[in-house]
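Below: one structure, written as C-alpha cells.
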Number of protein chains: 2
Amino acid sequence: MTSEISEKKTGNIRAKSQIKILTAARTEFVLQGYKGATVQSIADRAELPKANILYYFKNKENIYHAVLEHTLEMWDEGIGDIEADQGPKVAIEKFIEAKVRMSFNHPESSKIYAMEIIQGAQHLKDYARTYQRQWVREKAKLFQQWIDNGEMADVDPVHLIFLIWSATQHYADFETQILTIMNRADFEEEDVEQVIAFLCDIVLRGCGLI
Amino acid sequence: MTSEISEKKTGNIRAKSQIKILTAARTEFVLQGYKGATVQSIADRAELPKANILYYFKNKENIYHAVLEHTLEMWDEGIGDIEADQGPKVAIEKFIEAKVRMSFNHPESSKIYAMEIIQGAQHLKDYARTYQRQWVREKAKLFQQWIDNGEMADVDPVHLIFLIWSATQHYADFETQILTIMNRADFEEEDVEQVIAFLCDIVLRGCGLI
DNA sequence: CAATTAACTGACTAAATGGTTAACAACAAT
DNA sequence: ATTGTTGTTAACCATTTAGTCAGTTAATTG
C-alpha cells in the first residue's frame, strides 16, 4: 500500500501535468476550435510529448470534456448569484460586477463556452435544459416580485438576465475586436472598473433604479 | 466571343451552384468550425460531388473566405446606420431594431462572425482595424455631441455601442441557449418585437431618453 | 456539323492525425 | 536488492481528408 507521502507526490505529478495539459488545451481549443486543435498542438503548447498527453487523458474528447467541466465550474462559482435580501439595486450591481470581473479574468473560459453554444451546445444541452433553465426561472421570479412591489420598472426579467449575460460576456468573447477598436494592447484594472460603472449605470437607470 | 444569352445561362449555373455551395458551407462552418467542416460534408449538404465543389472553389480556404465576405456585406448593409438628423431617441431605436432583426433573420452569419472574432479574428484583423474602428469613432462623436447638448445622459458612447452590439447579437449567437432556457422550439415574429421593445425600453431609459 | 469551351466526376495520392503499443525510467515498498 | 507501480516516450498504424487529375458529358459558337 502506498504511504500518504507517496500519494501526495504521485498526486502532485498527476495534478501538475493535468493542469499543464488542460491550460494548453484550453488555449488551443479557443484558437483552433475542437477539430482544429490537434493532440500534437496541445502537446507542443504544454511542452510535453504527445504520448504523455494521451497517458493522462485517454483521448482528445476526454481532454475537451475536462476543459468544459472546468469552465462550467467557474461559471457556477464566479457568477456571484443574485441575492434577494438587499433589494434589486444591490443585487444587480453585485451580479454585473461579478460577471464583468469573470470576463476580464477568464476570457478563455467564456470563449470556450460561447463557441460551444454557438455550435449548437452538443455537449451542454442537458446543462442548459436542467440547471440553467431552473436558475433563470428562479431569478426571474425574484425580479418579478420586485417589479410587483414597485421596487423597479416593469421590464421582462428573463430578457434582463440575457442582457446582462450578453453585455458582460461580450468583453471576454469579443476581446480581440474591442481591443482593436479601442486601439489598445491589453485591458487594465481601470478598464474593468469603467465597464462595471458603465453597465451598472445604464442597466440600473434602465430598470428605474437610479 | 460568348453571346449575352449564353453569358446569362453560364452565369446562372455558376451563380446557382456557388450559392448552393456557400449556403451549405456556412451551415457546416457554424456547426463544425473551420477545421471540422470537411469539403465532403459541405458537398453532402449541398448534394453535389466533392470534386464539383473544388471545381467552383479552388480550395477550402477560398470557400471560407467567400462565406466570410458575404457575412461582412450583410453586416454593412443590415446595420441600418445611426442617423444624426432625428436625434438620439430615434437613432438608437432604429439601430436596435435593425440589429435585432438581423440577428433573428440571419443567425448563421452572426455566428460565423462571432466565431471568427472569438478565435482571434485571424481573417478580420484589418477589417476591424480600419473600417470598424472608424465607424465606431464617428458614431461615438455623434453621441458625444448629443450628450454635450444635454439631449441624453452622460454615458460612454463607445461602450454604449458595444452594449447594443452584444445585446442584439446575443439572440443570434446564443440562439440555442435562449431557446432551451425559454423552452421553445423556434422564435416567432412576436418574440422579435418583444426583444426590440425590451431593448429599446432599457437602453433608452438607461440613456435618459424616456 | 465541327470545334471549342464549360461543367462535371470517379479514382487516386500525399499528408496529417488520433490513438496504440511496447519498451524503458523513476521510484516506492518490502 | 527485488518487486510492483507509476510515469514517460519513440515508433508505428489505420483512418481521414484536402486536393489533383484524367477523362467524360453538356453546352455554345462559328
Side-chain angles (χ1 to χ4, degrees), chain A residues 1-68 122-123, chain B residues 1-68 122-123:
Chain A
M1 184 193 154
T2 46
S3 76
E4 272 173 40
I5 290 167
S6 76
E7 264 178 0
K8 253 181 207 165
K9 271 189 183 166
T10 306
N12 266 337
I13 288 181
R14 286 200 84 83
K16 272 188 186 175
S17 287
Q18 285 179 345
I19 287 173
K20 217 172 167 186
I21 292 166
L22 289 178
T23 304
R26 183 162 35 250
T27 304
E28 282 300 311
F29 283 131
V30 168
L31 290 176
Q32 314 289 342
Y34 175 75
K35 201 66 195 291
T38 67
V39 178
Q40 186 61 60
S41 72
I42 294 170
D44 290 347
R45 191 173 288 271
E47 292 178 297
L48 291 171
K50 185 179 75 157
N52 193 236
I53 307 285
L54 292 163
Y55 167 73
Y56 282 109
F57 295 89
K58 299 256 175 301
N59 52 41
K60 188 172 145 179
E61 218 192 320
N62 275 347
I63 305 177
Y64 185 67
H65 271 128
V67 167
L68 213 53
Q122 305 279 338
H123 304 82
Chain B
M1 183 194 153
T2 47
S3 78
E4 272 174 40
I5 289 167
S6 76
E7 262 180 0
K8 252 179 207 167
K9 271 188 182 165
T10 306
N12 266 337
I13 290 181
R14 286 200 84 84
K16 273 188 185 175
S17 288
Q18 285 180 345
I19 287 173
K20 217 171 165 186
I21 293 166
L22 289 178
T23 304
R26 184 163 33 250
T27 304
E28 281 301 309
F29 283 131
V30 167
L31 290 176
Q32 313 290 341
Y34 176 74
K35 201 66 193 289
T38 67
V39 178
Q40 187 62 60
S41 73
I42 294 170
D44 290 348
R45 189 172 289 272
E47 292 177 295
L48 291 171
K50 186 180 76 157
N52 194 232
I53 307 287
L54 291 163
Y55 167 70
Y56 281 108
F57 295 91
K58 298 256 175 304
N59 52 43
K60 188 172 145 178
E61 218 192 322
N62 275 346
I63 306 177
Y64 184 68
H65 270 127
V67 167
L68 214 53
Q122 306 277 339
H123 304 83

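All values below were derived from every heavy atom in this structure, side-chain atoms included, with hydrogens, water molecules and symmetry-related copies excluded.
A/Ile21 and A/Ala46 make their closest contact through CA-CB, 4.4 Å (heavy atoms, listed as atom of the first residue, atom of the second, distance). Across all their heavy atoms, A/Asn59 and A/Asn62 have their closest contact at OD1-N, 2.9 Å. Residues B/Pro49 and B/Ala43 share a closest heavy-atom pair of C-CB, 4.1 Å.
Between A/Ile63 atom CD1 and C/dG18 atom P there is a gap of 9 Å when expressed in whole angstrom units. When the P atom of C/dG19 is taken as reference, atom CD of A/Glu61 falls 8 Å away, rounded to whole Å. In this structure, CD1 of A/Ile13 is placed 7 Å from C1' of D/dG7, rounded to the nearest angstrom. In this structure, the CD atom of A/Gln32 is 12 Å from the P atom of C/dG18, given to the nearest Å. For the pair B/Phe57 CZ and C/dA7 P, the computed distance is 13 Å after rounding to whole Å. Distance, A/Tyr34 OH to C/dT17 P: 14 Å, rounded to whole Å. Protein atom CG of A/Asn12 is 12 Å distant from nucleotide atom P of C/dA28, rounded to whole Å. B/Lys60 places its NZ atom 5 Å from the P atom of D/dA18, with the value rounded to the nearest Å.
Using a 4.5 Å heavy-atom cutoff, the side chains of A/Ile63 and A/Phe29 are in contact.
Cation-pi geometry between A/Lys60 and A/Tyr34 is met: the NZ or CZ atom falls under 6.0 Å from the ring centre, inside 45° of the normal.
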Pick out the pairs of N or O atoms, protein on one side and nucleotides 9-15 of chain D on the other, that lie under 3.5 Å.
none

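In this structure, of D/dG7, D/dT17, C/dT20, it is D/dT17 that holds the atom nearest to the side chain of B/Thr38. Comparing C/dG18, C/dC8, D/dT17 against the side chain of A/Lys35 picks out D/dT17 as the nearest. Side-chain proximity of A/Arg14 to C/dC8, C/dT20, D/dG7: nearest is D/dG7.
Listed in residue order, the members of residues 19-27 of chain A having a heavy atom less than 4.0 Å from DNA chain C come to none.
No donor-acceptor pair under 3.5 Å is formed between the side chain of A/Ser17 and the backbone N or O of A/Arg14. Although no hydrogens or angles enter the test, the distance criterion places a donor-acceptor pair under 3.5 Å between the side chain of B/Thr23 and the main chain of B/Ile19.
Taking the six-membered ring where the residue is Trp, the centroids of B/Tyr64 and B/His123 are separated by under 6.0 Å.
Exactly one of A/Ile42, A/Val39, A/Thr38 qualifies for a side chain to side chain contact (heavy atoms under 4.5 Å, CB included) with A/Glu28. That residue is A/Ile42.
Remark: A/Tyr56 is in phosphate contact with D/dT8, judged by side-chain N or O atoms under 4.0 Å from OP1 or OP2.
As judged by a 4.0 angstrom heavy-atom cut-off over every strand, A/Ala37 is placed among residues touching the sugar-phosphate backbone only.
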